[in-house]
Amino acid sequence: MTSPKPLVAGNWKMNGLLANVSQMTELNQLISDGGANCDVLLCPSTTLISSLLEAGAGGKVMVGGQDCHANVSGAHTGDISAEMLKDLGCSYVIVGHSERRADHGETSADVNAKAAAAQTQGLKAIICCGESDEERSSGKTLDVVLEQVKASIPQDAKNSNTVIAYEPVWAIGTGKVPTANDVEEVHAAIRTLLIQRFGEEGALIGILYGGSVKASNASELMGVQNVNGALVGGASLKAADFYGIIEAYK
Ligand code: 13P
């Protein structure tokens with residue numbers, strides 16, 4: 001059984017203006033000079049998707065969205081459908097990020113519908129999960145994470161349409177990271193669930209770690225069993241910082 005191809009994905013969140021499009025050119029240059037032994041993805045705000053795709057044309061870096069609506073089209077002011085992202089040239093979309101779950105009250109059922117909509121359009125859904133500080137300190141981490149994954153992952157998930165991202169909420173943007181053992185425990189539990197549910201295909205679905213990943217801790221985190229890449233926030237905004245994480249796979 002082969003393992004999933006590593007993916008290092010950047011989530012720019014609500015950051016970035018046209019002036020930041022040059023980061024794409026710089027990143028592709030760093031990769032073409034120094035190499036990258038993993039897939040590389042940037043998920044900017046929707047306003048920058050076309051510009052990043054244009055700046056990155058012919059390069060290795062793929063572009064994705066940060067969220068999509070579960071419906072194909074309709075009266076949903078301000079929302080973006082998976083079909084629209086696909087139409088622009090995206091290959092991935094993040095769904096169920098903890099910031100969307102918290103800021104927009106998204107439930108795992110909502111996330112499931114969004115992931116299914118993405119898959120229908122031929123996008124790969126990056127389905128996020130992760131426990132809060134309080135859930136970890138009360139010993140509920142595995143229960144919370146497994147429940148989120150179970151409820152958020154559509155029926156016909158497979159390597160070609162799904163990636164899971166484990167992002168402990170307390171590690172996001174805080175500089176705090178779980179120990180390698182803690183990451184290993186959660187990723188192993190997610191892997192077991194995926195295999196139980198999807199058989200051999202479950203062994204091939206990538207599981208990313210996210211939360212304060214930077215160049216200085218990437219090698220250790222990416223070396224943990226069942227960690228198949230990273231979902232990076234702050235350290236993905238500057239090409240040089242992000243490339244420092246990609247280098248964990250050299
Ligand atoms: P940071 O890398 O800034 O902690 O953010 C992680 C994250 O939320 C990526 O989706």
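Both ligands and their constituent atoms are indexed starting at 1 by order of listing. Computed from a prediction, not measured in an experiment: that's the story for all the values here.
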Undergrad: Would you say Glu99 and ligand 1 have an N/O pair spaced under 3.5 Å apart?
TA: no
Undergrad: Checking a contact table here: which protein heavy atom is nearest atom 2 (O) of ligand 1, and how many Å away?
TA: Gly233 N, 2.8 Å
Undergrad: Can you list the atoms of ligand 1 that are under 4.0 Å from a heavy atom of Gly211?
TA: 4 (O), 6 (C)
Undergrad: Which atoms of ligand 1 sit under 4.0 Å from any heavy atom of Gly173?
TA: 1 (P), 3 (O), 4 (O)
Undergrad: Give a yes or no on whether the backbone of Val149 and the side-chain of Ser152 come within a donor-acceptor separation of less than 3.5 Å.
TA: no
Undergrad: Look only at the side chain of Glu131 and the backbone of Pro168, and say whether a donor-acceptor pair between them is shorter than 3.5 Å.
TA: no
Undergrad: Heavy-atom count check: over 12 atoms from other residues, nucleotides or ligands less than 6.0 Å from Lys60 NZ?
TA: yes
Undergrad: As an exercise, identify every atom of ligand 1 less than 4.0 angstrom from a heavy atom of Gly234.
TA: 1 (P), 2 (O), 3 (O)
Undergrad: If you measure from the Lys or Arg side-chain nitrogens to the Asp or Glu carboxylate oxygens, is any gap between Glu106 and Arg100 under 4.0 Å?
TA: yes
Undergrad: Report yes or no: does Gln66 contribute a side-chain atom to a donor-acceptor pair with the main-chain N or O of Cys43 at less than 3.5 Å?
TA: yes
Undergrad: I need the atoms of ligand 1 closer than 4.0 Å to a non-hydrogen atom of Glu167, numbered in the order shown.
TA: 6 (C), 7 (C), 8 (O), 9 (C), 10 (O)
Undergrad: Please report the shortest heavy-atom distance between Cys90 and Ile49, naming the atom on each side.
TA: SG-CG2, 3.7 Å
Undergrad: Find all atoms of ligand 1 within a distance of less than 4.0 Å from any non-hydrogen atom belonging to Leu231, and give their numbers and elements.
TA: 9 (C), 10 (O)
Undergrad: Name the orientation class of the two ring planes belonging to His187 and Tyr166 (parallel below 30°, tilted from 30 to 60°, perpendicular beyond 60°).
TA: perpendicular
Undergrad: Suppose I only count heavy atoms of Ser212 and a 4.0 Å limit; which atoms of ligand 1 are within that range?
TA: 1 (P), 2 (O), 4 (O)
Undergrad: Enumerate the atoms of ligand 1 whose separation from the nearest heavy atom of Asn11 is less than 4.0 angstrom.
TA: 9 (C), 10 (O)
Undergrad: Quick one: nearest non-hydrogen protein atom to atom 5 (O) of ligand 1, plus distance?
TA: Lys13 NZ, 3.3 Å
